[in-house]
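Structure first, commentary second.
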Number of protein chains: 2
Amino acid sequence: MTQRQRRKPGETRDKLMEAALTLVGKGRHFASLGIREVTRQAGVVPTSFYRHFRNMDDLGLQLVDQLGLVLRRMMREARGNVLQADKLIEESVTIFISHVEANRSFFFFMAQGLAGESRAVQDAIRSEMRFFASELANDLRRMRLAEHLSDGDLELTCDLVVRTVAFTLTDLLNVAPDDDYQIDQIRQRTARFLQLIFVGAAHWNSRTQAGNS
Amino acid sequence: MTQRQRRKPGETRDKLMEAALTLVGKGRHFASLGIREVTRQAGVVPTSFYRHFRNMDDLGLQLVDQLGLVLRRMMREARGNVLQADKLIEESVTIFISHVEANRSFFFFMAQGLAGESRAVQDAIRSEMRFFASELANDLRRMRLAEHLSDGDLELTCDLVVRTVAFTLTDLLNVAPDDDYQIDQIRQRTARFLQLIFVGAAHWNSRTQAGNS
DNA sequence: ACAATATGTGAACGACTGTACACATTGATG
DNA sequence: CATCAATGTGTACAGTCGTTCACATATTGT
């Protein structure tokens, strides 16, 4: 790295990924995108695609990697802003939704990928969700909010929380980005979902799932 | 209806819908299917497609209608077989999973459609889920299992239940159809999710969501 | 029996697709 | 400066796409 290059490396690469995201953000499904279409949107000649990706699945996988960064940024912000336990759920949901609004296309892509065409992308997204759930479990442990739960039960709870929030994406997908009223409805509903789950977790030990006679 | 026709009406129509489902069952995403591809799979000439559907979205919508029938059949079986309350969750989840295995492609299509390309299909599937949730609420009321919950809270709970079960589809999607061990794991995990939710619902009134100071 | 309608077939079109190849340009390294 | 690898461009080709049209066949209504 002697000098900065005039054309930064990966410039076209980024343009291609952004182009794919843009198309997804416009309502297209990732599985229906073609190489030519993406390169056209990126303002690049079709052959350039192969300089950076082997095929569309490859591009999808690299998008998941970038999605991971977005998720980690969101986690960091949540950890910094959610300090008092009583408003934990509301604030977390608010932060989540604001990140979805700020990176709408990314989360569209995530929602699509969960039932997408590429097995590899599917697995990658599910892996991100697992990581997210385990981090959530760590945080709850650290905040002494789950002391009566076994590791397995806490993991179960966090998995359910992450799934519930992830499903919210399909709700947000269906409303206009500027429909603040509807978005607020979704926010409140999601918060109540999580409250319901946490109430269940709080009373979980009293009727353990082992015996149910 | 004077006599039975040699070629039943809608024969090709059914073949086309089955063909689309078959392709989806093979891992393809509905949004990436083309008219020619579907007609080829159905063993029909491409032009025949237009005799029955205006475009692929139209076919998707009619698939959702058929999916509705599958869901209603499943509901009827659940209502008939789940009589005692103590095993309600386990039995319901078992019935659900068996129906998913029996109509794998249909539920694949449903999971895809939730974040699919066609807004109309999206809405149709979400509408089916709402109907399912409201029927579930009715059943719980009838079985006197939710007497302490307000209508709104019961609806909230059932919505969360339906979402959780629907998310299971992405899990079932990722395991081989004959991997009984993994499927049983998913079944147990889903049952525990629902137990957690119902425990939360049972203790919901003690910390109503209205005031949280 | 006859007309009308619904359904299936075949050929054809222009547009678009993925991909390969040869070539130009760039930045880094000797 | 010479060379090399990385990256971007233009051309080309064979295959597929959606869609139209004219035509054959089968079923229905009168």
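Naming: A, B, ... by sequence-line order, numbering from 1 per chain.
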Could you list, one pair per line, each protein nitrogen or oxygen that sits under 3.5 Å from a nitrogen or oxygen of nucleotides 10-13 of chain D, together with the distance?
residue : atom : partner : partner atom : Å
dG10(D) : O6   : T47(A)  : OG1          : 3.0

Checklist entry - Judged by atom type as modelled, is there a donor-acceptor pair below 3.5 Å linking the side chain of E117(B) to the main-chain atoms of R28(A)? => result no

Checklist entry - Does the side chain of H52(A) come under 3.5 Å of the side chain of Q62(A) through a donor N or O and an acceptor N or O? => result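 No, no side-chain donor-acceptor contact under 3.5 Å.
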
[X] [atom1] to [N] [atom2]: how many Å, rounded?
{"X": "M56(B)", "N": "dT19(D)", "atom1": "CE", "atom2": "P", "value": "11 Å"}
{"X": "D57(B)", "N": "dG18(D)", "atom1": "CG", "atom2": "P", "value": "13 Å"}
{"X": "F49(B)", "N": "dT20(D)", "atom1": "CZ", "atom2": "C1'", "value": "16 Å"}
{"X": "E37(B)", "N": "dG18(C)", "atom1": "CD", "atom2": "P", "value": "14 Å"}
{"X": "R51(A)", "N": "dC21(C)", "atom1": "CZ", "atom2": "C1'", "value": "10 Å"}
{"X": "F53(A)", "N": "dT7(D)", "atom1": "CZ", "atom2": "P", "value": "11 Å"}
{"X": "R54(A)", "N": "dG18(C)", "atom1": "CZ", "atom2": "P", "value": "16 Å"}

Is there a side-chain contact between [X] and the phosphate of [N], meaning an N or O under 4.0 Å from OP1 or OP2?
{"X": "H52(B)", "N": "dA6(C)", "value": "no"}
{"X": "Y50(A)", "N": "dA20(C)", "value": "no"}
{"X": "R40(B)", "N": "dC17(D)", "value": "yes"}

Next on the checklist: Show, in sequence, the C-alpha distance, side-chain angles and deciding distance for H29(B) and Q112(A), and conclude whether the side-chain hydrogen bond (donor to acceptor under 3.5 Å, both in side chains) test is met.
Outcome noted: CA-CA 10 Å; H29(B) 195 290; Q112(A) 291 182 355; over 6 Å; no

Next on the checklist: For R189(B), is there an ion pair with E155(A) - N to carboxylate O distance below 4.0 angstrom?
Outcome noted: yes

Checklist entry - Which residue pairs satisfy the salt bridge (charged side-chain N to carboxylate O under 4.0 Å, His left out) criterion with at least one member in residues 121-131 of chain A, sequence neighbours excluded? => result R72(A)-E128(A), R126(A)-D171(B)

Checklist entry - Between L59(B) and F30(B), which heavy-atom pair has the shortest distance, and what is it? => result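 Shortest heavy-atom separation between L59(B) and F30(B) comes out as CD2-CE1, 3.9 Å.
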
